[in-house]
S.K.: 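Structure provided below as structure tokens; questions to follow.
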Amino acid sequence: FHPERWIEGERPPEYNHVTDAYLPFGYGPRICIGRKLAYAEATLAVSEICPGAPVERKSMSTWFFKITDRADDLLEALDDGRLEGWPAHVKEMQRNWIGRSEGLMMSFPLSGDDLPQETLPIYTTRPDTLYGASFLGVAPDHPLAKHFADQDPACAAFIAACQAQGTSEADIEKAEKKGFRLPITGRHPFTDEELPVYIANFILMQYGTGAIFACPAHDQRDLDFARKYGLNVIPVVCPPDADPSSFDVGDEAYVGPGTMMMSGFLDGLPAEDALPAAIKKIEEMGWGEGTTNYRLRDWGLSRQRYWGCPIPVIHCDTCGVVPVPQDQLPVSLPPIDASEFKTPGNPLDRESTKAWREVACPQCGDLARRETDTMDTFVDSSWYFARFASQPEDEPIEKAEADGWMPVQQYIGGIEHAILHLLYARYFTRNLKDCGYTDATEPFTNLFTQGMVTHATYKDSHDGWVFPEDARHIDTGRLWDETETPIESDLVYRLTREARDAGEKFFSAYDAQVSATGKALYRESTPDEKAYDELVPDEFPILANPIEKMSKSKKNVVAPEAIADAYGADAARFFMLSDSPPERDVEWTDAGVEGAWRFANRVYETVTKGEGLLKAGGAIGPDLSDDLMALRRSTHKTIAGVTGDIEHFRFNKAIARLYEFLGACKNLSSDGDAAPVAAEALGALTQLTAPFMPHLAEECWELLGGEGLCTDAEWPEADGSLLTEDVITLPVQVNGKRRGEIKVAADAAEDAVKKAALAQDDVARFMEGKTIRKVIVVPGRIVNVVAS
RNA sequence: GCGGGUGUGGCGGAAUUGGUAGACGCGCCGGAUUCAAAAUCCGGUUCUGGAGACAGAGUGUCGGUUCGAGCCCGACCACCCGUACCA
């Protein structure tokens with residue numbers, strides 16, 4: 001990102017969420033688009049103008065990427081090994097999002113007066129149940145519905161009612177199935193029966209054709225609808241364990257496998273065979289064909305706002321949509337006054353930007369207009385990695401250069417990007433490949449989804465959020481109401497007096513139900529003690545709420561500056577890495593940071609004991625005492641362990657090892673023979689700590705007299721011969737329960753180990769009066785004696 | 001409803017992938033130091049019984065496989081995330 005290209009000015013408040021989420025201020029208009037790539041984008045965009053685009057739009061078109069054209073490949077790559085380095089759950093989410101289904105697209109011939117169309121195309125995944133059809137349905141915003149709404153006020157009213165309740169989530173949950181009967185019918189392909197046609201509120205225009213045939217016996221929604229309007233319910237699939245002559249559905253549609261019945265030529269077939277048979281028949285009759293349908297929809301990339309990358313096309317009355325010529329790219333946004341943001345709508349459509357908008361058509365030279373829509377920010381994030389791989393930013397991507405880096409070996413991001421960003425990036429990379437910019441099809445070989453930082457939240461009794469640092473914990477307290485039942489909350493906290501004095505929000509009285517009595521708000525000590533405490537008048541109870549993702553509105557963020565001042569940036573980083581595995585959320589706690597801070601101090605103190613040792617040098621002697629050998633083993637085990645843990649993203653485990661190793665270094669001596677051993681240990685401690693506490697490590701490095709920067713020093717390597725012990729401790733089990741342990745040479749023969757195990761006192765004690773059936777020796781691991 | 005995931009001490013989490021369950025940290029308890037406190041250091045800390053050595057139980061529940069199961073298999077329960085009148 002090039003700061004010199006940012007636009008100076010005030011951040012428009014209504015675009016807060018955009019700038020917060022993705023971009024440094026003003027990044028949009030000058031996004032670093034290579035000229036050639038921008039041209040490719042324009043071409044892709046121009047080639048597809050959505051036929052069903054809403055017409056109310058001010059600008060002349062709505063721009064889509066035809067991501068559905070690549071749905072199959074995007075789906076297949078999830079399973080064919082190209083994304084082996086991705087977490088299974090992310091792949092599963094993408095699979096669901098693409099939502100491929102095999103089915104039948106067919107048309108029912110319509111009869112009735114004043115028909116706007118002769119047939120009604122529908123989509124179904126259950127053509128096997130066609131004989132169970134009892135009505136046809138269309139979405140409220142289906143063209144057919146609109147046609148009749150124009151003539152019939154009742155119909156129009158029904159549609160309006162559907163649209164009014166449509167979006168509210170709470171409504172959808174309990175929404176009743178509702179329908180409106182149209183004065184037309186559709187002819188059944190197999191039975192020639194005339195089926196009634198309804199507008200139904202549960203049909204979505206966006207999916208399939210926005211129309212269905214309904215088989216109430218085998219679809220719950222259809223059944224609910226049929227029961228309400230007294231329509232036929234004809235079971236055509238009989239469950240394996242049911243009697244076909246008497247099988248009927250009650251209020252629950254049967255969706256399982258079974259045998260076809262009441263289904264003419266399909267009778268007796270298993271449902272899974274009936275499905276292709278029905279499709280084949282419909283195809284032979286010429287009424288429709290088997291198709292694949294996707295839940296995935298095309299990617300609408302145009303946004304009616306100023307902050308975004310301009311879509312580089314020009315609209316000409318004569319030539320139509322014309323791409324901006326390459327030598328005029330990138331298209332820059334016109335500078336505008338900050339006051340333009342105070343009115344809703346896109347400033348690019350206003351009088352003030354007319355001079356920018358009106359340009360000569362690149363083809364005929366007549367007066368034409370620039371596209372005023374800008375791109376979805378997801379467009380930018382879909383290919384930035386390729387841009388980084390080939391610089392400079394105002395030159396086209398150089399394929400050879402890009403392929404030197406692409407695909408990204410390790411991508412790290414939050415789970416919130418599991419679908420949109422990661423799918424768009426995969427799609428875009430395929431486009432880049434087709435345009436000849438890279439050979440990669442998949443952008444990210446390995447994906448790691450890290451967790452978020454969460455923090456406790458607190459609320460006062462008026463539901464106001466309270467800063468965690470203002471909550472003083474009373475760990476023995478619990479809130480009770482007058483009848484002595486615990487109030488739904490955990491422990492009691494009180495707003496500190498300091499916070500209140502500083503003007504922090506607080507409430508004047510606790511819940512009326514409690515404070516009416518003027519006492520008994522909490523009690524200290526154990527629940528079986530009946531002594532209640534009065535509230536201290538100037539302290540106020542607040543309640544702990546769920547631990548949540550840090551958010552300014554919930555007041556549970558921590559200020560990085562404050563943490564850095566109090567504990568240092570190293571401690572904050574160290575704590576976050578140490579507490580949880582990185583794919584999980586970390587709960588931020590002050591106590592945790594303090595622990596990290598203590599560790600930092602202890603490391604520094606320990607290293608002080610070895611001041612100058614690295615500079616002094618000196619070889620490690622051949623005959624070391626047991627203690628020194630033990631320290632060396634510990635050093636090298638830690639090197640091996642931490643290195644492996646870092647490679648596998650197990651930072652919390654790496655840090656646990658560092659704590660352990662610090663304990664081992666605690667009493668080291670740095671005299672005589674011990675000096676080189678101490679130097680080795682402290683040098684390793686410093687280097688292994690460096691990735692987590694870089695500043696501390698550099699201090700320690702200097703103290704030890706290391707050369708240059710710790711960061712630049714070669715990573716320590718573990719000596720394999722020091723990773724194993726000569727004498728090992730083996731646990732001994734009797735019948736699977738641990739009863740004792742023995743010390744044996746690491747390379748002891750099995751017989752010797754058996755002998756030692758059976759001779760062990762505790763083991764012998766548990767075998768008294770028993771016969772040994774078997775002795776299992778797992779070398780280096782365990783001995784199990786089976787006796788009865 | 002569907003899809004995915006997770007269940008281990010008071011808490012965050014370890015467990016070499018079938019081999020000593022609870023590493024390490026937080027918290028808590030005890031001790032040292034201090035006139036006192038904070039800080040620091042040392043020790044303890046799964047539960048039950050026992051002064052103790054020790055014994056018994058124990059990884060959401062029930063069952064199975066195995067010399068041996070937190071880990072594998074079957075059934076269930078709970079919670080979390082995603083998603084939805086997707087025909």
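This structure is a prediction, so every number in the text was calculated from the model and none was measured. Side chains are part of it too, since the values below use all heavy atoms of this structure and drop only hydrogens, waters and symmetry mates. Below, chains carry the letters A, B, ... as their sequence lines are ordered, and counting in each starts from 1.
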S.K.: Need one value for A/K666: base, sugar-phosphate or nothing, where a base atom within 4.0 Å counts as base even if backbone is also close, heavy atoms only.
M.R.: sugar-phosphate
S.K.: If you look at every strand shown and take non-hydrogen atoms under 4.0 Å, does A/G99 touch a base, only sugar-phosphate, or nothing?
M.R.: nothing
S.K.: Could you write out each protein N or O paired with an N or O of nucleotides 17-24 of chain B at a distance under 3.5 Å?
M.R.:
| residue | atom | partner | partner atom | Å |
| --- | --- | --- | --- | --- |
| B/U20 | O2 | A/R738 | NE | 2.8 |
| B/U20 | O2 | A/R738 | NH2 | 3.3 |
| B/A23 | O2' | A/E660 | OE2 | 3.0 |

S.K.: Nearest-Å distance, CD1 (A/I98) to P (B/C86)?
M.R.: 19 Å
S.K.: With sequence neighbours left out, what residues match A/Q760 under side-chain hydrogen bond (donor to acceptor under 3.5 Å, both in side chains)?
M.R.: none
S.K.: Do any N or O atoms of the protein come closer than 3.5 Å to N or O atoms of nucleotides 54-60 of chain B, and which pairs are they?
M.R.:
| residue | atom | partner | partner atom | Å |
| --- | --- | --- | --- | --- |
| B/A55 | OP1 | A/R765 | NH2 | 3.3 |
| B/G56 | OP2 | A/R739 | NH1 | 3.1 |
| B/A57 | OP2 | A/K737 | NZ | 3.2 |

S.K.: Do the ring centers of A/Y131 and A/F190 come within less than 6.0 Å of each other?
M.R.: yes
S.K.: Using a 3.5 Å cut-off on both pairing distances, which stems of three or more Watson-Crick or G-U pairs include RNA chain B?
M.R.: B:1-7 with B:77-83, B:10-12 with B:24-26, B:27-32 with B:40-45, B:46-49 with B:54-57, B:60-64 with B:72-76
S.K.: For A/W588 and B/G13, give me the distance from atom CH2 to atom P, rounded to whole Å.
M.R.: 16 Å
S.K.: Any salt bridge (Lys or Arg N to Asp or Glu O under 4.0 Å) involving residues 769-788 of chain A? Give me the pairs, sequence neighbours left out, ordered by first then second residue.
M.R.: none
S.K.: Find which nucleotide of RNA chain B each of A/A596 and A/E583 is nearest to by heavy atoms, and output the residue with the more 5' nucleotide.
M.R.: A/E583
S.K.: List the residues meeting ring pair (Phe, Tyr, Trp, His ring centres under 6.0 Å) with A/Y604, not counting sequence neighbours, and say none if there are none.
M.R.: none
S.K.: For A/R100, report the nucleic acid contact type (base, sugar-phosphate, nothing); a contact means any heavy atom under 4.0 Å.
M.R.: nothing
S.K.: Could you tell me whether A/F575 and A/W588 have their ring centroids closer than 6.0 angstrom?
M.R.: yes
S.K.: Out of A/R739, A/R738, A/K743, which residue meets the side chain to side chain donor-acceptor pair (under 3.5 Å) rule with A/E741?
M.R.: A/R738
S.K.: Give, ordered by number, those residues of residues 124-143 of chain A having at least one heavy-atom distance below 4.0 Å to an atom of RNA chain B; if nothing qualifies, reply none.
M.R.: A/T124, A/T125, A/R126
S.K.: If the condition is salt bridge (charged side-chain N to carboxylate O under 4.0 Å, His left out), which residues does A/R650 pass it with, not counting sequence neighbours?
M.R.: A/D645
S.K.: Restricting to salt bridge (charged side-chain N to carboxylate O under 4.0 Å, His left out), what partner residues turn up for A/E92, sequence neighbours left out?
M.R.: A/R95
S.K.: Do A/F225 and A/Y198 have ring centroids that are under 6.0 Å from one another?
M.R.: yes
S.K.: What does A/I203 touch in the nucleic acid at a heavy-atom separation under 4.0 angstrom: a base, only the sugar-phosphate, or nothing?
M.R.: base
S.K.: Take atom CG of A/D645 and atom C1' of B/A15, then tell me their distance rounded to the nearest Å.
M.R.: 13 Å
S.K.: Report the residues that fulfil salt bridge (charged side-chain N to carboxylate O under 4.0 Å, His left out) with A/E102, sequence neighbours left out, ordered by chain and then residue number.
M.R.: A/R100
S.K.: Can A/Y123 and A/S101 be counted as having a side-chain donor-acceptor contact under 3.5 angstrom?
M.R.: yes
S.K.: If you compare every side-chain N and O of A/R95 against the phosphate oxygens of B/G4 (OP1, OP2), does one of them come in below 4.0 Å?
M.R.: no
S.K.: Is there any salt bridge (Lys or Arg N to Asp or Glu O under 4.0 Å) pair reaching into residues 591-607 of chain A, and which pairs are they, with sequence neighbours excluded?
M.R.: none
S.K.: Name every donor-acceptor pair, under 3.5 Å, that has one atom in a side chain of residues 210-217 of chain A and the other anywhere in the protein, sequence neighbours excluded.
M.R.:
none

S.K.: With a 4.0 Å cut-off on heavy atoms, is A/R598 in touch with a base, just the backbone sugar-phosphate, or nothing at all?
M.R.: sugar-phosphate
S.K.: Looking at the angle O4'-C1'-N9-C4 for a purine or O4'-C1'-N1-C2 for a pyrimidine, is B/U17 syn or anti, with syn meaning within 90° of 0?
M.R.: syn
